[in-house]
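Sequence lines set the chain letters: A, B, ... in the order given, protein chains first and strands last, and positions in each chain run from 1.
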Protein chains: 2
Amino acid sequence: MAKKSAVGRSSKPSLKDVAKLANVSVMTVSNVINGRMARVGDEVAARVREAVRELNYRPQRSGRSLRLQKEFALGLTVLHPDRRFLDDPYITQVAAGMSNFLATIGYSLMVNGLRNLKALDTLMERSFGYDGFAVMVSGEREQRVQVYKKLAQLKLPMVVIQDAPPPDLPEVSSVCQDDGVGAGMLVERLIDKRAKRILFAASRQVWPAMERRAAAAVAAAGKRARIDHLSCSEDDFELSIRQIETWLRSHPNTDAVMGGNDQLGLAAMQAAERCGLSVPSELMVTGYNAFLFQKFSKPTLCSVSSPAYEIGQEVSKMLIDLINGDGGEARHLLMPVSVVDGGSIG
Amino acid sequence: MAKKSAVGRSSKPSLKDVAKLANVSVMTVSNVINGRMARVGDEVAARVREAVRELNYRPQRSGRSLRLQKEFALGLTVLHPDRRFLDDPYITQVAAGMSNFLATIGYSLMVNGLRNLKALDTLMERSFGYDGFAVMVSGEREQRVQVYKKLAQLKLPMVVIQDAPPPDLPEVSSVCQDDGVGAGMLVERLIDKRAKRILFAASRQVWPAMERRAAAAVAAAGKRARIDHLSCSEDDFELSIRQIETWLRSHPNTDAVMGGNDQLGLAAMQAAERCGLSVPSELMVTGYNAFLFQKFSKPTLCSVSSPAYEIGQEVSKMLIDLINGDGGEARHLLMPVSVVDGGSIG
DNA sequence: CTGTTAGCGCATTCAA
DNA sequence: TTGAATGCGCTAACAG
């Protein structure tokens, strides 16, 4: 008497069930399902399709994955201390871009929020359900590098979003938007309008892209204008306003505030109002990324449009190429940006 | 000579590789990995762990899934015509709540945006990588019901978010926030402040929750106040403002505008300003859901706090229970809400 | 054109 | 305490 494994067969129908009902072999069913019609006669195919419909059969991913050694999914991993890691519209747009692109090729998107390095360790001990992943990391450069190195140990195709991979990981690709140019264009506009002293208001939680924007602003200003820096609480909007307000009161010769993103730009608008400064005549304000918020103020915020959605698409394409072995060298994509006009600079 | 299958073994290490290196059987490795220490000697366990580290072994999900007939993942499916289906902060919070809860039990979250019914058909033909899913659907009730019925054919655990499942699907659970109470409380406040005529500004893209808010407002007002309705373009903020502005100009006796969400509340604030109406003395304004936006206006928007994040967590728990067979009857959870004060009603 | 065989990685069962 | 056998659902390769 043969030994019996105790694995209950799935309640879901399998190829075998369909094959039995249609009176064909499992391979024939597989061929029909996967559109290999050259290998199946029309009449048989019809019978198979009928059986599929009758049983409400749908291929099971785990079997296919095991056989083909592919998970047919990509991951999006975000390292951010706030539990609402998905709240940032930037991340949201990247996720939508990835999900929509992947849907066209039968892949899925798995999202992962990690609040700290410990969560990363936990994640890494587990098995993964994807063939490659994109990663967005907040925090200081040193910590970010640590994260990238750790993730690289997974030996999975990986693309870094909005940051430069560390130099000792030459095989890792990246996609960034051209924030150097974006911030530079904003500074030019402000200087054109005779700004001599500009405050760059960043979020306290460091994002690499915001650091780049700040650095680019300084570089673009050169000796023509002075750029000050302030880091503001990110999750407490009221606090951000007060921090900028305090700064404006103690530095009354400030001509403009550049927000590291649109939220901070909006905070600056309100800070100006509390100081009795009219925008743009007495204080100019800019934002960055121009998602939903950009139009929420009056006058509307001058900002820079972000290709975050397109970044999601490009990242996905790069990962798919890497998975299929068409990757070649690591690529570093720089997506163009453009200024979105708004009354906040006149 | 034995036939050889052409399936290349994975480049990733498997239990077999670890077993060979540690000079034990695969089962011993499996037992160590899964913490079944009662079945393994300490010395052997240490040897296994060393081998695991050396090979950088991580269990492969596909094998485990196939064996246990579980995918260890849940899905979040959103039906919304905009490609930026994830942009709404509501969805974002639900996703974060799900993802964070699932991370604690070793599950993953897969997100799916569907722009129309055709995309739904495409999705349904494919194999799934999850054991159950939550669904948020926009559109008219009739279309929504059609979607729920179709999805129910998957025979997977399913929970509807922010809508009532159709009566002929008694096995489907749901989670809603108590928008009847929320909208009612807002109306009470407005009537307390002597509002007689109130405009409810909804988005043109129908969401069931917004319909409920509108209906609850009418019910709460009774004969004490008149509730008018306006549907506004959702993605074009400037257009929303103009639509509300037009309405206010032609109905000067309006006392208050209730926005179906905070974006619409903000649009109403700007429309008021364009009409020269001061808020709240000449026109009161409320929003709904109180995510990021609520504080963006001056005065801040009176709104209703949404437990969207908690909904994400509850939905996940319900789905996990259903998957584990602890489900019992269909449950219909109603999450409490509370009013968030703001200067926009005085 | 259709069927048979084999094995992907894992965990349950039973034997040693 | 450890090992061997078995099969979950699927598809490449080959045989008929």
Side-chain angles (χ1 to χ4, degrees), chain A residues 1-20 22-48 52 55 57-72 126-129 131, chain B residues 1-20 22-48 52 55 57-72 126-129 131:
Chain A
M1 186 165 139
K3 283 180 201 172
K4 273 285 286 181
S5 165
V7 194
R9 282 203 56 216
S10 172
S11 58
K12 289 181 253 175
S14 74
L15 280 185
K16 206 190 270 185
D17 301 311
V18 180
K20 203 186 298 173
N23 242 319
V24 294
S25 76
V26 285
M27 268 321 293
T28 300
V29 180
S30 174
N31 286 329
V32 171
I33 297 286
N34 294 305
R36 280 184 272 274
M37 295 313 295
R39 308 186 160 214
V40 186
D42 285 352
E43 198 269 332
V44 174
R47 220 164 66 224
V48 168
V52 165
L55 292 175
Y57 170 78
R58 231 174 301 280
Q60 289 178 226
R61 207 186 65 117
S62 48
R64 193 173 146 83
S65 285
L66 181 57
R67 184 67 230 285
L68 299 178
Q69 294 292 320
K70 280 203 187 183
E71 296 285 2
F72 301 102
R126 286 215 309 270
S127 56
F128 291 93
D131 303 311
Chain B
M1 185 166 138
K3 283 182 198 169
K4 275 283 287 181
S5 165
V7 193
R9 281 204 54 215
S10 171
S11 58
K12 289 181 255 176
S14 73
L15 280 185
K16 204 190 274 184
D17 301 310
V18 180
K20 202 186 299 173
N23 242 320
V24 294
S25 77
V26 286
M27 267 322 294
T28 301
V29 181
S30 174
N31 285 329
V32 173
I33 297 284
N34 294 309
R36 281 183 270 275
M37 294 315 293
R39 310 187 158 212
V40 186
D42 285 353
E43 197 268 334
V44 174
R47 221 164 66 223
V48 168
V52 165
L55 293 175
Y57 170 77
R58 230 175 302 280
Q60 288 179 225
R61 210 192 60 114
S62 48
R64 193 173 146 80
S65 285
L66 181 56
R67 184 65 231 279
L68 299 178
Q69 295 292 324
K70 278 201 188 186
E71 297 284 2
F72 301 102
R126 286 216 308 271
S127 58
F128 290 94
D131 303 310

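Residues satisfying the salt bridge (charged side-chain N to carboxylate O under 4.0 Å, His left out) test with A:Arg58, not counting sequence neighbours, are none.
The side chain of B:Leu15 has C:dA11 as its nearest neighbour among C:dA11, D:dC10, C:dT2. Of the candidate nucleotides C:dA11, D:dC8, C:dT2, C:dT2 has the atom lying nearest to any side-chain atom of A:Val44.
For A:Arg47 and C:dG3, the CZ to P distance is 8 Å, given to the nearest whole Å. Residue B:Leu68 contributes atom CG, which lies 6 Å from atom P of C:dT12 at whole-angstrom precision. Nucleotide C:dC10 holds its P atom 18 Å from the NZ atom of B:Lys70, rounded to whole Å. If you measure from atom CD of A:Gln69 to atom P of D:dT11, you get 14 Å, rounded to the nearest angstrom. Spacing between atom CZ of B:Arg67 and atom P of C:dT13 amounts to 8 Å, rounded to whole angstrom units. In this structure, B:Glu71 atom CD and D:dG9 atom C1' are separated by 11 Å, rounded to whole Å. Rounded to a whole Å, the NZ atom of A:Lys20 is 15 Å from the P atom of C:dG3. When rounded to the nearest whole Å, the span between OH of A:Tyr57 and C1' of D:dG9 equals 7 Å.
One distance of note links CZ of B:Arg36 with OG of B:Ser30; it measures 5.5 Å at 0.5 Å rounding. One distance of note links CG of B:Leu66 with CD of B:Gln60; it measures 12.5 Å at 0.5 Å rounding. Taken from OH in A:Tyr57 to CD1 in A:Ile33, the straight-line distance is 5.5 Å, to the nearest 0.5 Å.
Residue A:Arg64 has a polar side-chain atom (N or O) positioned under 4.0 Å from OP1 or OP2 of D:dT11.
Nearest-nucleotide positions on DNA chain D for B:Val40 and B:Gly63 put B:Val40 closer to the 5' end.
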**Request:** Go through A:Phe72 and A:Arg64 one step at a time and tell me if the side-chain contact (heavy atoms from CB on, under 4.5 Å) criterion holds.
**Result:** CA-CA 9 Å; A:Phe72 301 102; A:Arg64 193 173 146 83; 3.7 Å; yes
**Message:** side-chain contact (heavy atoms from CB on, under 4.5 Å), that's the test. Do A:Val24 and A:Val48 meet it? Break it down for me.
**Reply:** CA-CA 8 Å; A:Val24 294; A:Val48 168; 4.0 Å; yes
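A distance-only check finds a donor-acceptor pair linking the side chain of A:Asp131 to the backbone of A:Glu71 [under 3.5 Å]. Side-chain atoms of A:Asp17 come within 3.5 Å of backbone atoms of A:Ser14 as a donor-acceptor pair (strictly under, hydrogens ignored).
By the 6.0 Å contact criterion, NZ on B:Lys20 is open, its count of non-hydrogen atoms from other residues, nucleotides or ligands being 12 or less.
Across residues 24-37 of chain B, B:Val24, B:Ser25, B:Met27, B:Thr28 each have a non-hydrogen atom less than 4.0 Å from an atom of DNA chain D (numbered order).
No engagement by B:Ser62 is indicated, since no non-hydrogen atom pair under 4.0 Å with the nucleic acid exists.
Each end of the helix from C:dC1-D:dG16 to C:dA16-D:dT1 gets its own rotation axis from five pairs of C1' atoms, and the angle between them is 40° to the nearest 10 degrees.
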